Amino acid sequence: MPTTTTSLAHPVPHPIELRAVSRRYGTGERAVTALDGVTLGFAEGTMTAVMGPSGSGKSTLLHCAAGLDRPTSGRVVIGGTETGELDETALTLLRRDRIGFVFQSFNLVSALTAEQNVALPLRLAGRRPDPAQVAAALAAVGLADRAGHRPDRLSGGQQQRIAIARALIARPAVLFADEPTGALDITTSRAVLGLLRGLVDRHRQTLVMVTHDPAAAAWADRVVFLADGRIADEIADRPGAEAIASRMSVLEAAA
Ligand SMILES: Nc1ncnc2c1ncn2[C@@H]1O[C@H](COP(=O)(O)OP(=O)(O)OP(=O)(O)O)[C@@H](O)[C@H]1O
């Protein structure tokens, strides 16, 4: 039977690639290796959950991959650009163009309305926000009718949805989320995760999310497990929460 090879000579690069990335903090006896030779790519239109025991390097991985922190050794390639070759200004501009970030604590500006918060990244980039673009971002997270509200008049879930709209306003290739549902109840978490999943499925958004919660990780296509700064395990093909929880308990028992 004839065989056909379909591999591409020049495959499209992943929006983000980490190659043998290590990050050490401090020097001498106090040195901590937070990441230890991690090689990982995040494909377009996929959702990856990053899990692992406390201190295993999840936030450090996210910060290095997003260009918020620089590795001690190894390479981070964002949209085909080697970030190690960029100075701080060029890295900031690349991040502004390509990366969105959502935090557990929402990080909204309390004195600004929902629409002003969403428009903020454009203003910081020196661009005049297009009201239609801001309205579309609010509509995409189901909060068109809350445009004039300040964060203290919104629920936790609504605040996180505003933070997601703000992260998406510049149409980043990759959205990073560090425990985005960590401060939310189960029902609200589900709504936020459904929204994130929809962005991946409908808009081919690439999403990388750190979580401790197997139920949240079960929304992902792939779960990467870290232990002591290394990739300890990986499950692909949308694993269920039970399979994820049992891998986590093995890693936590060993930690
Ligand atoms: N700025 C820093 N200076 C020194 N050590 C640090 C620094 N940031 C992180 N570390 C250390 O690096 C290791 C990995 O930290 P990191 O925050 O990436 O882990 P994590 O898996 O996100 O943890 P958690 O689940 O508890 O948030 C830990 O041992 C931590 O103490």
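Here the structure is a predicted model, which means the values were calculated and not measured. Order of listing sets the numbers, starting from 1, for every ligand and every atom in it.
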**Prompt:** Sub-3.5 Å donor-acceptor pair from the side chain of D69 to the main-chain atoms of C64, do we have one?
**Reply:** no
**Prompt:** Are side-chain heavy atoms of V223 and V50 found at a separation under 4.5 Å?
**Reply:** no
**Fill in**
among protein heavy atoms, the one nearest atom 17 (O) of ligand 1 is S59 CB, 3.8 Å
**Message:** For atom 16 (P) of ligand 1, what's the nearest protein heavy-atom neighbour? Residue, atom name and distance, please.
**Reply:** T60 OG1, 3.6 Å
**Prompt:** Of the protein's non-hydrogen atoms, which lies at the shortest distance from atom 30 (C) of ligand 1, and what is that distance?
**Reply:** V32 CG1, 4.8 Å
**Item:** Residue, atom name and distance, where the atom is the protein heavy atom closest to atom 12 (O) of ligand 1
**Value:** A34 CB, 3.3 Å
**Request:** Please confirm whether G57 comes under 4.0 Å of ligand 1, counting heavy atoms of the residue only.
**Result:** yes
**Request:** Report the nearest protein non-hydrogen atom to atom 25 (O) of ligand 1: residue, atom name, distance rounded to 0.1 Å.
**Result:** K58 NZ, 2.7 Å
**Prompt:** Checking Q160 side chain against G157 main chain: does a donor-acceptor pair fall under 3.5 Å?
**Reply:** no
**Prompt:** Hey, is the main chain of R75 close enough, under 3.5 Å, to the side chain of R19 for a donor-acceptor pair?
**Reply:** no
**Prompt:** What about G55: any of its N or O atoms under 3.5 Å from an N or O on ligand 1?
**Reply:** yes
**Prompt:** Are G52 and ligand 1 in contact, using a heavy-atom cut-off of under 4.0 Å?
**Reply:** no
**Asked** Which residue supplies the protein heavy atom nearest to atom 6 (C) of ligand 1, what is that atom called, and how far is it?
**Response** Y25 CD1, 3.2 Å
